[in-house]
Protein chains: 2
Amino acid sequence: MTETDATDHRILTILQKNGRITNAELAQRVNLSASACHRRVQRLEQLGVITGYAAMLDRRSLGRPTTVFVEITLSGQATELLEGFERAVRAIPDMLECHLMAGTADYLLKLVVRDTEDFARIHRQYLARLPGVAQMHSSFALRTVAETTALQL
Amino acid sequence: MTETDATDHRILTILQKNGRITNAELAQRVNLSASACHRRVQRLEQLGVITGYAAMLDRRSLGRPTTVFVEITLSGQATELLEGFERAVRAIPDMLECHLMAGTADYLLKLVVRDTEDFARIHRQYLARLPGVAQMHSSFALRTVAETTALQL
DNA sequence: TTTGAAAACGAAGTGCG
DNA sequence: CGCACTTCGTTTTCAAA
């Protein structure tokens, strides 16, 4: 909690938007010398606050414009059942997120697909074969109003 | 639309996992000369296939361990209503995603918060004040099984 | 112990064959 | 498309506060 200060937060805010900024420019923007700034970034990486760097891609250009959310209820709450389900879930291609939700042992999955036909194929090939499923409900996103991974610090 | 070949896909797959890899190493891993590889990456950036680079942060370290999904039904479908709602939604802090869903003019929001109390505050301050809302339902994630932004190419 | 200046090293980007 | 060269950034070291 007290392991990151306000300057760290400024650094992280910049790096979330521009993960490839040069250390020299980053240092300028947070009013530090290059070496002091460099040491802070290294420390944040070592602490695991920065887990890595990623290129952000345009889904549309790559033929995955469609986001689908799938809600799944399992037939029970036994640990074995959940483990088997989760193992199978991890094998689904283009599955971006899977959350175990509070309440009724529901899972919420987020997938990105080419089109409805592509989703039908994924459904047949993967979703319909998931073990221990009692109920499943899929919802398509018509339009994404906002989508980011950047935390506000 | 945009023509990308198998080598581009290999480049993108690597850059999604390691956005700060050096051009020299990237070139080696895809069996290209440094200059050829460099030109491809530049082209992908220029085409908008690569939209940027981001540091990935650990939410837990930064005190935002809790993911909440909020489903909202509006009281109508008038363009004005949607626009007013979306404008207000964009002002919510720690809102990572907002999707307009097919079906019943539902919105699905994803937020990351410190704890349930923090969510209660955000609810009071922002969610409860959104215009045109007929129904709202919030669900907490107990555990995140999988979470990535990386597309499988 | 922490900081900044600067050197040494390595990578990126350009232009030319 | 590849090579070589120039420029620029990173990273280490060292000295000082």
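Naming: A, B, ... by sequence-line order, numbering from 1 per chain.
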Peer 1: Using side-chain hydrogen bond (donor to acceptor under 3.5 Å, both in side chains) as the criterion, point out the one residue from A/R129, A/R121, A/H123 that pairs with A/Q125.
Peer 2: A/R121
Peer 1: Whole angstroms only, please: what is the CD-C1' distance between A/E45 and D/dT11?
Peer 2: 13 Å
Peer 1: Choose from C/dA12, C/dG4, D/dT10 the nucleotide whose nearest atom is closest to any side-chain atom of A/A36.
Peer 2: C/dG4
Peer 1: Consider only side-chain N and O atoms of B/T73 and B/D106, and report whether a donor and an acceptor are under 3.5 Å apart.
Peer 2: yes
Peer 1: Which whole-number value in Å describes the distance from B/Q42 CD to D/dC1 P?
Peer 2: 14 Å
Peer 1: Do A/T67 and B/H99 have side-chain atoms, one donor and one acceptor, less than 3.5 Å apart?
Peer 2: no
Peer 1: Once you apply a heavy-atom cut-off of 4.0 Å, does A/S35 come out as touching a base, just sugar-phosphate, or nothing?
Peer 2: base
Peer 1: Measure from CZ on B/R20 to P on D/dG9 and round the result to the nearest Å.
Peer 2: 13 Å
Peer 1: Roughly how far, to the nearest 0.5 Å, is the CD atom of B/E25 from the CG atom of B/N18?
Peer 2: 7.0 Å
Peer 1: How long is the straight-line distance from CG of A/L81 back to CG of A/L74, given to the nearest 0.5 Å?
Peer 2: 5.0 Å
Peer 1: Per the end-axis method with five pairs at each terminus, what is the bend angle of the helix from C/dT1-D/dA17 to C/dG17-D/dC1, to 10°?
Peer 2: 20°
Peer 1: To the nearest Å, how far apart are A/Q28 CD and C/dA5 P?
Peer 2: 13 Å
Peer 1: Look at the side chain of B/R39 and the base of C/dG13, then say whether one donor and one acceptor between them are separated by less than 3.5 Å.
Peer 2: no
Peer 1: Nearest-nucleotide wise, let me know which of A/I21 and B/R40 is further upstream toward the 5' end of DNA chain D.
Peer 2: B/R40
Peer 1: Rounded off to whole Å, could you give me the CZ-to-P distance for the A/R43 and C/dT1 pair?
Peer 2: 16 Å
Peer 1: Counting side-chain heavy atoms from C-beta on, which of D/dC3, C/dA5, D/dT11 comes nearest to A/N23?
Peer 2: D/dT11
Peer 1: Could you tell me whether B/T22 contacts a base, only the sugar-phosphate backbone, or nothing, with contacts defined as non-hydrogen atoms closer than 4.0 Å?
Peer 2: sugar-phosphate
Peer 1: So, do B/F85 and B/Y107 have ring centers that fall under 6.0 Å from each other?
Peer 2: yes
Peer 1: How long is the straight-line distance from CD of A/E97 back to CD of B/E147, given to the nearest 0.5 Å?
Peer 2: 4.5 Å
Peer 1: Rounding to an integer number of Å, can you tell me how far A/H38 NE2 sits from D/dT12 P?
Peer 2: 7 Å
